[in-house]
Amino acid sequence: MTQFGKGCHLHLIDGSAFIFRAYHALPPLTRKSDGMPIGAVSGFCNMLQKYVEDNAGPDAPTHVAVIFDKGSHTFRNDLYDQYKANREAMPEDLRPQIPLTREATIAFNIACKETEGYEADDIIATLACQAREAGGRVTIISSDKDLMQLVGDGVEMFDAMKNRRIDREGVMEKFGVAPDRVVDVQALAGDSVDNVPGAPGIGIKTAALLINEYGSLEELLDRAEEIKQPKRRQTLIDKREQIELSKKLVQLDCNTPLDYTLDDLEVREPDPDTILGFLSKMEFRSLTKRIADSLGADAPVIAETAPQAAPEAAAAPEFPAIDPESYTWVKTAEDLAPFIAEAHERGWVAVDTETTGLNEMACDLVGVSLCTTAGKACYIPLAHRSAATDDLFGSDDLAEGQIPMQEALDLLKPLLEDPAVMKIGQNMKYDLKVLARYGINIAPFDDTMLMSYAMHGGLHGHGMDTLSERYLSHEPIPIKSLLGSGKSMITFDRVPVADAVKYAAEDADITLRLWQIFKPQLSPKKVTRVYEGLERPLVPVLAQMEMAGVEVDRATLSRMSSAFAQKMAALEAEIHELAGETFNVGSPKQLGEILFDKMSLPGGKKGKTGAYATGADVLEDLATEHDLPGRVLDWRQLSKLKSTYTDALQEHINKDTGRVHTSYVISGAVTGRLSSTDPNLQNIPIRSEEGRRIREAFVAPEGKTLVALDYSQIELRILAHMADIGSLKQAFRDGQDIHAMTASEMFNVPMEDMTPEIRRQAKAINFGVIYGISGFGLARNLRIPRGEAQGFIDRYFERFPGIRDYMDDTVAFAKEHLRVETLFGRVINTPEIAAKGPRAGFAKRAAINAPIQGTAADIIRRAMVRMPDAIDGLPAKMLLQVHDELLFEVETGAEDDLIKAAKSVMEGAAEPVVKLDVPLVVDAGMGRNWAEAH
DNA sequence: TGATTCACG
DNA sequence: GACGTACGTGAATCAG
């Protein structure tokens with residue numbers, strides 16, 4: 001072993017630069033056998049190989065290392081929280097390749113070095129300084145200008161791309177100053193890429209001029225008064241602090257603590273088995289062969305997988321059988337360490353949390369399971385109770401074999417928040433919300449439920465059981481088998497830990513397997529953008545909204561409840577009087593028998609089950625014949641309002657927060673809409689005056705205001721755009737009353753003679769079109785004869801022939817592809833379109849409606865994803881989404897600022913991906929409660 | 001558990 | 001020619 005010193009030559013390779021160059025230079029290659037993205041790894045290996053070949057000559061290095069960044073938080077972030085803040089997130093298909101580039105470096109038998117919390121540049125600086133002091137030469141393989149400050153005294157750079165050495169002269173050329181003054185120039189000029197502020201208005205040229213004139217930055221700042229240009233002088237005086245901070249940011253640290261020395265970096269011969277093993281594992285055929293030749297070894301045979309017939313047919317990875325007995329019960333920190341280490345090494349980990357209930361806002365964490373490799377999963381029990389010896393209900397003592405909660409969380413937090421490790425979950429919103437309450441903010445993450453939703457929306461549900469059975473042919477352990485059901489149901493913390501291990505670890509195992517199947521399919525199925533841009537980023541936004549909740553005034557609801565109960569009792573007595581007997585008014589069956597058998601009213605129609613239909617439309621028709629149906633309608637309305645709203649809503653007021661927290665289901669609707677549950681806050685009454693008053697109970701707290709913003713006619717606007725209806729588009733551009741305009745066009749009535757009745761009919765037709773109009777449906781809606789309704793539709797299509805074309809084209813597309821798409825590329829599968837019989841009609845109308853409803857849903861999703869940044873700094877919170885409306889809570893006084901910011905996000909939400917021919921218009925309202933805000 | 005009804009966009 | 005139909009949701013209730 002040679003002691004590093006005079007005559008030694010150290011090469012330092014900027015690994016991250018290699019990776020990004022490789023990633024961007026190559027098309028997104030995937031490994032044939034499992035679809036794993038490996039383009040960047042391939043490029044990286046080729047660059048390493050080229051490097052090795054090019055440096056075999058007489059000037060070969062004696063020592064070499066590839067240096068990588070590790071962790072995203074460095075001392076520079078502590079100096080300046082905006083450091084590198086506008087850097088784009090790592091592309092999704094690159095992330096899993098990062099650990100493989102480390103593996104590749106090691107396979108080449110080159111020292112692979114990284115230090116947590118330090119940028120590669122600082123490690124390079126430290127090693128270069130050490131080598132220089134030892135009297136050796138250094139070549140930094142990089143073209144990064146941030147490293148140029150190190151050049152000089154035996155240190156040079158080499159731009160592998162341009163095949164060019166960069167020495168003192170090269171640096172002078174670039175910065176106009178000697179290497180030792182480069183940081184001064186950078187401090188002044190700033191750097192938009194790393195978000196180093198610098199001095200506004202001063203670029204590299206000016207900076208070099210000033211430094212050369214004054215000798216150093218410090219001198220310049222001290223003598224700033226002498227500068228002749230007034231603006232420049234003022235900048236340097238005003239921004240002194242910012243410039244000094246910038247210098248600290250660009251100055252590389254030569255004193256990074258390292259747990260190795262230069263001697264450890266000595267050049268080593270590659271081991272043929274190791275490198276060829278790695279390359280064949282990656283399935284790099286030509287590179288494997290080339291390196292085998294150069295090493296004089298036999299190239300291993302790489303199994304030829306059958307070329308993929310269709311992108312959809314990407315072969316599933318080979319998995320070992322799912323075996324609940326194989327999972328690890330993590331009892332101590334030592335048990336946990338290998339799982340955390342492997343997660344770091346691989347760059348991903350599947351995570352699942354177990355809790356005492358399904359309500360994330362009102363349940364406790366019981367355990368966490370992890371899985372890094374299919375078949376290798378663990379469960380970390382945290383709050384299981386021990387089985388009691390003496391009584392039936394178990395004790396409150398903690399069970400044996402658990403790491404203390406806080407200790408385990410402290411171990412998990414760095415992993416779950418590590419930007420270099422992808423966290424994989426099934427319905428991550430749940431885990432995100434649970435762990436947020438324990439101070440852990442999971443990022444970055446993938447969600448198998450949302451991947452399935454993006455690819456398989458309309459085909460089947462996206463719950464884990466469904467996905468496991470469909471894609472893994474495995475039926476997971478039912479939760480019922482652990483918790484039981486009904487009255488005797490227990491909570492998860494009462495489940496014996498040994499049983500919990502099997503169940504919980506299996507969930508993580510299944511989730512990881514699903515991810516490995518789904519992830520490579522996103523791109524061939526062309527839903528990467530939808531998944532990455534619309535589904536996944538919505539998760540933290542919704543989590544915030546749900547955790548914020550909305551204030552609901554219990555007293556108001558309670559008062560309404562009593563009033564409703566009184567009125568109902570009165571109505572019920574009347575109804576019984578009219579019927580001549582007492583019966584359950586809430587029973588459609590009993591009501592039908594009273595109306596049609598006992599009273600022999602006309603129009604009794606029995607449905608599939610043999611019961612009379614007693615829906616609102618039937619009762620409305622009967623109301624002309626008799627008083628009883630009208631009373632029942634009134635009673636039903638009150639009953640609905642009381643049971644679903646004034647009573648149930650009170651149950652949902654959270655004990656801790658005093659607010660109501662709904663839960664949105666991202667994959668709830670096939671069209672891309674959200675759905676809202678527990679409670680559903682997307683169907684709070686508004687249409688009837690009586691129901692509308694329920695919104696008075698949704699209030700702003702003291703000192704705050706509710707602001708509601710809703711898209712005006714968004715679906716009709718989208719229809720006008722998609723079907724390309726010139727007159728409709730023009731009407732929207734002119735801000736006309738669209739229903740009146742439609743009526744005028746259809747019935748040849750001048751706008752000034754428009755009557756509310758004609759307008760109402762046109763409005764019904766406009767909506768009918770969005771739903772896939774039929775004569776029957778319109779007739780029923782407008783209560784006109786079917787022939788007349790058909791006549792309206794015919795005339796509509798005559799005036800707007802593009803609508804008919806749109807409908808025909810959409811159905812034809814659906815028939816051909818068994819799916820339709822929104823303007824943003826969301827896929828809505830429509831397998832039923834191939835059905836025969838009445839189901840075909842349903843499928844057709846659904847196919848016509850889906851792109852319109854779905855595009856509207858995409859637009860508001862985009863607005864929501866952008867909203868947190870747009871209202872950052874305003875004292876406002878986004879609380880609710882109701883399909884085309886967003887509800888905010890804002891400190892009184894800041895309403896106008898909020899409306900301005902939020903409105904502009906909403907109105908511009910389609911751009912830049914989609915340029916609509918019609919403007920999107922958002923109406924705003926505000927008030928102390930939701931009724932006023934509307 | 002399924003059907004019915006009705007609240008919303 | 002007959003059939004059955006507006007699109008998308010969730011919750012409460014009855015009845016089996």
Side-chain angles (χ1 to χ4, degrees), chain A residues 457-458 583-592 605 607-619 632-633 635-649 651-652 662-665 667-688 690-692 694-695 710-716 719 764-782 786 789 793 807 820 828 830 836-854 856-857 860 880-885 930 934:
Chain A
F583 68 101
N584 184 350
V585 184
S587 162
K589 184 166 171 271
Q590 293 179 33
L591 175 66
K605 262 193 293 188
K608 299 164 199 123
T609 53
Y612 288 110
T614 65
D617 49 347
V618 176
L619 296 188
V632 173
L633 282 171
W635 183 90
R636 276 195 184 160
Q637 192 198 7
L638 295 173
S639 162
K640 178 83 177 181
L641 294 177
K642 182 172 186 297
S643 68
T644 310
Y645 300 104
T646 55
D647 287 350
L649 225 37
E651 311 288 312
H652 282 285
T662 183
S663 185
Y664 290 101
V665 187
S667 54
V670 288
T671 52
R673 275 193 179 180
L674 301 175
S675 76
S676 158
T677 65
D678 306 302
N680 180 354
L681 295 186
Q682 290 183 319
N683 69 347
I684 303 302
I686 191 167
R687 291 174 187 169
S688 76
E690 219 151 16
R692 189 190 170 84
I694 293 188
R695 295 193 173 218
D710 68 295
Y711 284 108
S712 157
Q713 309 283 12
I714 187 166
E715 293 190 355
L716 267 181
L719 174 70
I765 298 170
N766 275 335
F767 276 104
V769 166
I770 292 171
Y771 298 148
I773 201 161
S774 76
F776 183 92
L778 183 65
R780 203 174 63 165
N781 189 276
L782 284 176
R786 204 178 148 172
I793 294 170
M807 294 170 89
V820 292
I828 297 130
T830 58
K836 292 267 172 281
R839 289 195 314 184
F842 278 110
K844 242 164 124 169
R845 291 190 297 273
I848 291 167
N849 172 259
I852 303 169
Q853 187 181 114
I860 196 162
L880 299 178
Q881 187 251 41
V882 191
H883 309 308
D884 62 358
E885 167 187 353
W930 200 1
H934 224 278

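Naming: A, B, ... by sequence-line order, numbering from 1 per chain. Side chains included, hydrogens not; waters and symmetry mates left out as well; all remaining heavy atoms used.
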Distance check needed: [N] [atom2] versus [X] [atom1], whole Å only.
| X | N | atom1 | atom2 | result |
| --- | --- | --- | --- | --- |
| A/M807 | C/dA6 | CE | C1' | 10 Å |
| A/Y771 | C/dT9 | OH | P | 13 Å |
| A/D617 | B/dT4 | CG | C1' | 12 Å |
| A/R673 | C/dG10 | CZ | C1' | 13 Å |
| A/E690 | B/dA7 | CD | P | 11 Å |
| A/I714 | C/dC7 | CD1 | C1' | 16 Å |
| A/N683 | C/dT9 | CG | C1' | 8 Å |
| A/Q682 | C/dA11 | CD | P | 10 Å |

Identify which nucleotide among [options] has an atom closest to any side-chain atom of [X], counting heavy atoms from C-beta outward.
| X | options | result |
| --- | --- | --- |
| A/R636 | B/dC8, C/dT5, B/dC6 | B/dC6 |
| A/V882 | B/dG9, C/dT5, C/dA12 | B/dG9 |
| A/N680 | C/dG10, C/dT5, B/dT5 | C/dG10 |
| A/T677 | C/dC7, C/dG10, B/dT5 | C/dG10 |
| A/S675 | B/dG9, B/dC6, C/dT9 | C/dT9 |
| A/R695 | C/dA11, C/dG8, B/dC8 | B/dC8 |
| A/Q590 | C/dA15, C/dA6, C/dA12 | C/dA15 |
| A/T609 | B/dC8, C/dT13, B/dA3 | B/dA3 |
| A/S587 | C/dT5, C/dG8, C/dA15 | C/dA15 |
| A/Q637 | B/dG9, C/dC14, B/dA7 | B/dA7 |

Spacing of OG belonging to A/S643 relative to CG belonging to A/L649, to within rounding of 0.5 Å: 11.5 Å
Donor-acceptor contact below 3.5 Å, side chain [X] vs main chain [Y]:
| X | Y | answer |
| --- | --- | --- |
| A/Y711 | A/I860 | no |
| A/R673 | A/Q853 | no |
| A/S639 | A/W635 | no |
| A/S663 | A/D678 | no |

Describe the nucleic acid contact of [X] in one word from base, sugar-phosphate, nothing, applying a heavy-atom distance below 4.0 Å.
| X | answer |
| --- | --- |
| A/A850 | nothing |
| A/I686 | sugar-phosphate |
| A/R692 | nothing |
| A/I773 | base |
| A/V670 | sugar-phosphate |
| A/G615 | sugar-phosphate |
| A/P838 | nothing |
| A/F767 | nothing |
| A/D710 | nothing |
| A/G586 | sugar-phosphate |
| A/D884 | sugar-phosphate |
| A/A779 | nothing |
| A/A857 | nothing |
| A/S774 | base |

No-H, no-angle donor-acceptor pair, A/R687 side chain to B/dG9 base, under 3.5 Å: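 Such a pair is found, so the answer is yes.
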hbond_proxy A/K589 side chain to C/dC14 base (donor-acceptor, 3.5 Å cutoff): no
Does a nitrogen or oxygen in the side chain of [X] sit under 4.0 Å from OP1 or OP2 of [N]?
| X | N | value |
| --- | --- | --- |
| A/T614 | B/dT5 | yes |
| A/R780 | C/dA6 | yes |
| A/Q853 | C/dT9 | no |
| A/R845 | C/dC7 | yes |

Pairing partner (Watson-Crick or G-U wobble, both distances under 3.5 angstrom) of B/dT4: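 Base-paired to C/dA12.
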Strand partner of C/dA2, provided both Watson-Crick or wobble distances fall under 3.5 Å: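 Base partner found: none.
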Among A/I852, A/N766, A/V769, the one residue meeting side chain to side chain contact (heavy atoms under 4.5 Å, CB included) with A/E715: A/I852
4.5 Å side-chain heavy-atom contact, A/Y664 and A/L880: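 In short, these two side chains touch, coming nearer than 4.5 Å.
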Sub-4.5 Å side-chain heavy-atom contact between A/L674 and A/Q682: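 The answer is yes; the side chains approach within 4.5 Å.
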Inter-nucleotide P distance (C/dA6, B/dT4), Å rounded: 13 Å
